[in-house]
Amino acid sequence: MTQSINKNLSITAPLSSAQVSGSVMACMLKTEEHVNNSGIEYALLELIRYRVSLINGCAYCIDMHFKEALAAGETAQRMASLSIWREAPYYTDKERVLLNWAEALTDLPHGGVTHEEFRLREATMALKAYFSDKEVSELTLAVIQINAWNRLAKTFDFDVGSFEVAG
């Protein structure tokens with residue numbers, strides 16, 4: 001599949017979703033099942049998944065988690081505003097702490113002690129006001145998992161727009 005960027009440049013996706021190894025998909029799905037059964041509220045998981053996918057620019061996952069969140073009762077207004085959650089008045093303090101932490105964990109620095117590392121430590125400490133150590137571990141895995149899905153979907157050119165919420 002070729003996407004035309006401009007007249008002089010085009011990008012061809014080297015791999016299709018059909019080329020993902022079955023064992024890789026099984027591993028990803030097993031981790032996904034663990035995250036979904038971790039006891040963390042589904043609505044919070046979908047906020048994480050959607051926000052991280054926005055940061056990573058994963059069109060397939062953005063489409064999927066927008067649809068999943070709406071089907072689970074989330075509002076279109078809140079989903080559409082996740083890229084500006086700091087300015088939007090309709091997120092709880094708990095959600096704000098979680099979104100800040102997910103962003104900090106997704107945007108890791110490239111070596112050395114940096115402002116971003118300090119931000120991650122601060123965000124993790126704030127998270128502990130709302131979540132137990134076990135929940136922080138589970139939420140960490142949820143962020144790692146959606147980052148992995150984003151990279152897999154982008155690398156293997158998943159069919160954007162094809163996701164349908166299960167009946």
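Scope of the values below: all heavy atoms of this structure, side chains included, with no hydrogens, waters or symmetry mates. Throughout, numbering of the chain's residues begins at 1 and tracks the sequence.
Hydrophobic clustering (side-chain heavy atoms under 4.5 Å, transitive across Ile, Leu, Val, Met, Phe, Trp, Tyr) groups Leu29 together with Ile40. In terms of hydrophobic clustering, with Ile, Leu, Val, Met, Phe, Trp and Tyr side chains grouped at heavy-atom distances under 4.5 Å, Tyr130 and Val35 are assigned to a common cluster. Residues Leu70 and Leu47 share a hydrophobic cluster, clusters being chains of Ile/Leu/Val/Met/Phe/Trp/Tyr side chains in contact below 4.5 Å. Under the 4.5 Å side-chain heavy-atom criterion for ILVMFWY residues, a single connected hydrophobic cluster contains both Ile146 and Leu141.
A 4.5 Å side-chain heavy-atom check between Ile62 and Leu54 finds at least one atom pair inside the cut-off. Looking only at side-chain heavy atoms (C-beta outward), Thr106 and Arg51 stay at 4.5 Å or farther from each other. Two residues are said to be in side-chain contact when any heavy atoms from C-beta on lie closer than 4.5 Å; Leu127 and Glu122 fail this criterion. Using a 4.5 Å heavy-atom cutoff, the side chains of Trp85 and Glu103 are in contact. Within the 4.5 Å cutoff, the side chain of Trp149 has no heavy atoms near those of the Ser53 side chain. Here the side chains of Asp133 and Lys128 are in contact, with some heavy-atom distance below 4.5 Å. Looking at Val52 and Ile48, their side chains come closer than 4.5 Å, going by heavy atoms from C-beta outward. The shortest distance between side-chain heavy atoms of Lys30 and Met25 does not fall below 4.5 Å.
Smallest separation of non-hydrogen atoms from Leu152 and Val24: CD1-CG1, 4.3 Å. Between Trp101 and Thr124 the shortest heavy-atom distance is NE1-OG1, 3.2 Å. The minimum heavy-atom distance between Ala142 and Leu45, with the atom names listed, is CB-CD2, 3.7 Å. Summarising the geometry of Ser38 relative to Glu138, their closest heavy-atom pair is CB-OE1, 3.5 Å, with the distance given to 0.1 Å. Pairing each heavy atom of Tyr90 with each of Glu95, the nearest pair is O-OE1, 4.3 Å. Of all heavy-atom pairs between Asn56 and Asn147, the closest is ND2-OD1, 2.8 Å.
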CA sep, side-chain torsions, deciding dist, call: Lys67, Glu74, salt bridge (charged side-chain N to carboxylate O under 4.0 Å, His left out): CA-CA 9 Å; Lys67 291 172 181 174; Glu74 185 58 80; over 6 Å; no

Verdict with reasoning, Leu99 to Arg86, per side-chain contact (heavy atoms from CB on, under 4.5 Å): CA-CA 9 Å; Leu99 290 167; Arg86 285 176 179 83; over 6 Å; no

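Using modelled atom types, one side-chain atom of Gln145 and one backbone atom of Met28 make a donor-acceptor pair closer than 3.5 Å. Using modelled atom types, no side-chain atom of Tyr50 and backbone atom of Ala80 make a donor-acceptor pair closer than 3.5 Å. Although no hydrogens or angles enter the test, the distance criterion places a donor-acceptor pair under 3.5 Å between the side chain of Thr75 and the main chain of Arg78. The backbone N or O of Glu33 sits less than 3.5 Å from a side-chain atom of Asn37, completing a donor-acceptor pair.
Put simply, SG on Cys61 and CZ on Arg151 are 10.5 Å apart, with the number rounded to the nearest 0.5 Å. To the nearest 0.5 angstrom, Met79 atom CE is 6.5 Å from Phe66 atom CZ. Considering CD1 of Ile55 and CG of Asn150, their distance stands at 9.5 Å, rounded to 0.5 Å. Interatomic distance, CG of Leu82 versus CD of Gln77, reported as 11.0 Å (0.5 Å rounding). Atoms OH and CG, on Tyr42 and Asn36 in that order, are 7.0 Å from each other to the nearest 0.5 Å.
The environment of Glu87 atom CD is dense: over 12 non-hydrogen atoms of other residues, nucleotides or ligands sit within 6.0 angstrom.
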